[in-house]
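Whatever order the structure lists ligands and atoms in, that order sets their numbers, starting from 1.
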Amino acid sequence: MRSGVDLKKRGSGLVFIISAPSGAGKTTLIRKVMEELFGLQFSVSYTTRPPRTGEQEGKDYHFVSTAHFMKMVERDDFLEWAEVLGNYYGTERPNLENLELEGKDLIMDIDIQGARKVLQEMSHAVAVFVLPPSPEALRERLVGRGLDLPEVIQRRLTNAKKEIEEAHRYRYVILNERLEEAVETLKAIILAERCQKEKRSIFEIKIKEWEAYHGKNHG
Ligand code: ADP
Ligand code: 5GP
């Protein structure tokens, strides 16, 4: 672990891990939630896969060559990295102190292997799994997205079964059937986790406030 960064530290910004089979709708969900809730920072991963139409360097991913990616692996730049369907994906070590100072929580879109590794280092991370309504619906979404060849869609569907078998390990599962409902559910999870964190950090301050109040008025 890097010096000076205690990833298990309580009171640092919250970390949300979102996993789902490709096509289940997690990018759509994350984008909408980030438009509607303040204080969320998206963790931009590194990948060796080429950009899809509309994807922007530095916003959706950092698109790098395999040689560049492997240099980063050697330098121990990644909190976690994994191979997903023939491409490499990695999450750079976050600067949690800076995020805390900026009052931001981190939101990561990572696969089940990455989620497992992040949870080993940051046991307080909140893991959320997004489920598609059915195999048929997932297939329709992948076809409708229009970005993958038929054989890639088939591989994604085979992979989806393995991923869904991991869903029970996550703290929350969201069924993404009606998009607006799924967006509201993810927002509710984030807000509830923020209230839990608030409870830990402001409890003592509030008790002191009330002690001072009673001391002044009745002491
Ligand atoms: P992922 O990031 O999980 O691979 P995307 O967010 O790219 O998935 O979504 C895949 C496709 O499914 C997109 O075309 C998106 O517009 C569509 N989609 C997402 N959520 C829903 C939903 N609840 N109902 C119908 N279509 C959806
Ligand atoms: P896509 O190519 O569809 O954007 O992503 C494919 C898969 O890679 C998804 O399951 C996504 O969650 C995962 N992924 C994206 N970034 C990372 C990362 O940094 N680490 C890991 N382990 N998986 C990632």
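Under a 4.5 Å side-chain heavy-atom criterion applied to ILVMFWY residues, the cluster that includes Phe38 comprises that residue alone.
Using a 4.0 Å cut-off to heavy atoms of Thr28, the atoms of ligand 1 that qualify are 5 (P), 6 (O), 9 (O), 15 (C), 19 (C). With ligand atoms numbered from 1 in the order given, ligand 1 contributes 20 (N), 23 (N) to contacts under 4.0 Å with heavy atoms of Leu179. Within ligand 2, counting atoms from 1 as listed, the ones closer than 4.0 Å to a heavy atom of Arg52 are 1 (P), 2 (O), 3 (O), 4 (O).
Between Glu121 and Arg116, none of the side-chain N atoms (NZ, or NE/NH1/NH2) sits under 4.0 Å from a carboxylate O, so this pair counts as no salt bridge.
Contacts with ligand 2 closer than 4.0 Å are made by side-chain heavy atoms of Arg49 only, the backbone lying farther away. Residue contacts with ligand 2, taken as heavy atom pairs separated by less than 4.0 Å, do not involve Trp81 at all. With a 4.0 Å cut-off on non-hydrogen atoms, Val84 touches ligand 2 through its side chain and not its backbone. The proximity of Pro21 to ligand 1, defined as any non-hydrogen pair under 4.0 Å, is limited to the backbone.
With Ser22, Gly23, Gly25 as candidates, the residue nearest to atom 19 (C) of ligand 1 on a non-hydrogen basis is Gly25.
A distance-only check finds a donor-acceptor pair linking the side chain of Lys117 to the backbone of Trp81 [under 3.5 Å].
Partners of Glu80 by side-chain hydrogen bond (donor to acceptor under 3.5 Å, both in side chains), not counting sequence neighbours, listed by chain and number: Thr91.
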Run the side chain to side chain donor-acceptor pair (under 3.5 Å) check on Tyr170 and Ser19 step by step: do they pass?
CA-CA 9 Å; Tyr170 284 64; Ser19 300; 2.8 Å; yes
